[in-house]
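Working notes for the structure below.
As the structure lists them, so they are numbered: ligands from 1, and atoms in each ligand from 1.
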Amino acid sequence: MSARPVKIAPSILSADFARLADEVAAVEAAGADFLHVDVMDGHFVPNLTVGPPIVESLRKVTSLPLDVHLMITNPDSFIQEFAEAGASYLTVHTETCPHLHRTIQLIKEHGVKAGITLNPSTSLTTLEEVIADVDLVLIMSVNPGFGGQTFIPAIFDKITRTRELITRTGSKALLEVDGGVKIDNAAEVVKAGAEVLVAGSAIFNSPNYADTIQAFRSAAHVLSAPL
Ligand code: DX5
Ligand code: ZN
């Protein structure tokens with residue numbers, strides 16, 4: 001068993017938006033590693049959330065890396081805006097990118113780390129051709145659009161296969177998992193190969209963010225598998 005450090009990325013989708021700065025300060029003080037920002041357009045996913053102005057405002061109130069998850073069609077047209085707003089990572093869905101290599105290069109040209117993500121039903125083969133170029137791979141463990149959904153069990157095997165792909169190709173990409181991650185499945189998610197855990201409802205619906213993040217870390221630490 002290795003002590004691979006696992007990063008915790010609270011998703012603000014489940015935060016109280018009326019007190020967003022306080023919520024962000026609270027998870028930062030509680031030991032969060034990244035701040036996960038879910039951008040939804042009502043087209044690619046059946047929900048609407050936030051855009052570049054919120055990212056710009058968040059950038060002013062936290063030093064956490066801003067892990068921006070773009071659930072939008074035609075992400076290329078917004079990459080410059082999100083980069084200028086202060087995104088640290090911009091993660092696009094392969095399903096929205098007919099010219100994925102070009103999109104990844106565009107993100108990097110703006111000085112932002114590039115991530116790619118796959119819906120639960122999208123095959124891993126779509127990332128094989130670009131795995132060497134990306135800084136982060138996000139495996140969706142729910143169908144994107146909403147917080148508080150249940151982790152799809154078949155995704156454990158997909159995480160394992162993604163880890164194998166990263167290892168086999170020597171990619172430096174972080175492997176992040178998003179959707180339905182809770183304290184009681186965190187160990188299994190990490191054991192499968194994840195190193196960044198997104199958690200929205202599990203953190204923001206809990207009474208004590210620091211206790212919850214610590215519980216995630218303890219669960220992850222005990223069972224983390226060798227890279
Ligand atoms: C789902 C979003 C997730 C969501 C996770 O479309 O991408 O980041 O906030 O929420 P939980 O952790 O509650 O499943
Ligand atoms: Zn997300």
Charged N to carboxylate O under 4.0 angstrom, E195 versus R163?
yes
For T122 and K158 the tightest heavy-atom approach is O-NZ, 2.7 Å
Nearest 0.5 Å, please: how far is OG in S11 from CZ in F204?
7.5 Å
Any side-chain heavy atom of M71 within less than 4.5 Å of one from D41?
no
Note every protein N or O atom lying under 3.5 Å from an N or O atom of ligand 1, pairing the names and giving the distance.
from     : atom 1 : to   : atom 2 : distance (Å)
ligand 1 : 6 (O)  : G145 : N      : 2.7
ligand 1 : 7 (O)  : D38  : OD1    : 2.9
ligand 1 : 7 (O)  : H69  : ND1    : 3.2
ligand 1 : 7 (O)  : D178 : OD2    : 2.9
ligand 1 : 8 (O)  : H36  : NE2    : 3.4
ligand 1 : 8 (O)  : D38  : OD1    : 3.1
ligand 1 : 8 (O)  : D38  : OD2    : 2.8
ligand 1 : 8 (O)  : D178 : OD1    : 2.7
ligand 1 : 8 (O)  : D178 : OD2    : 3.0
ligand 1 : 9 (O)  : S11  : OG     : 2.8
ligand 1 : 9 (O)  : D38  : OD2    : 3.0
ligand 1 : 12 (O) : G200 : N      : 2.8
ligand 1 : 13 (O) : G148 : N      : 2.8
ligand 1 : 13 (O) : S201 : N      : 3.0
ligand 1 : 13 (O) : S201 : OG     : 2.5
ligand 1 : 14 (O) : G180 : N      : 2.8

Rounded to the nearest 0.5 Å, how far does CZ of F216 lie from CD1 of I183?
5.5 Å
Check which protein N, O or S atoms are less than 2.8 Å from the Zn ion (ligand 2) and report how many there are.
4
Is there a donor-acceptor pair closer than 3.5 Å between any side-chain N or O of Q149 and the backbone N or O of F146?
yes
Using a 3.5 Å distance criterion without hydrogens, assess whether the side chain of D33 forms a donor-acceptor pair with backbone atoms of I8.
yes
Side chains of L13 and T49: closer than 4.5 Å at any heavy-atom pair?
yes
When you measure from the side chain of R59 to the backbone N and O of A85, does any donor-acceptor pair fall under 3.5 Å?
no
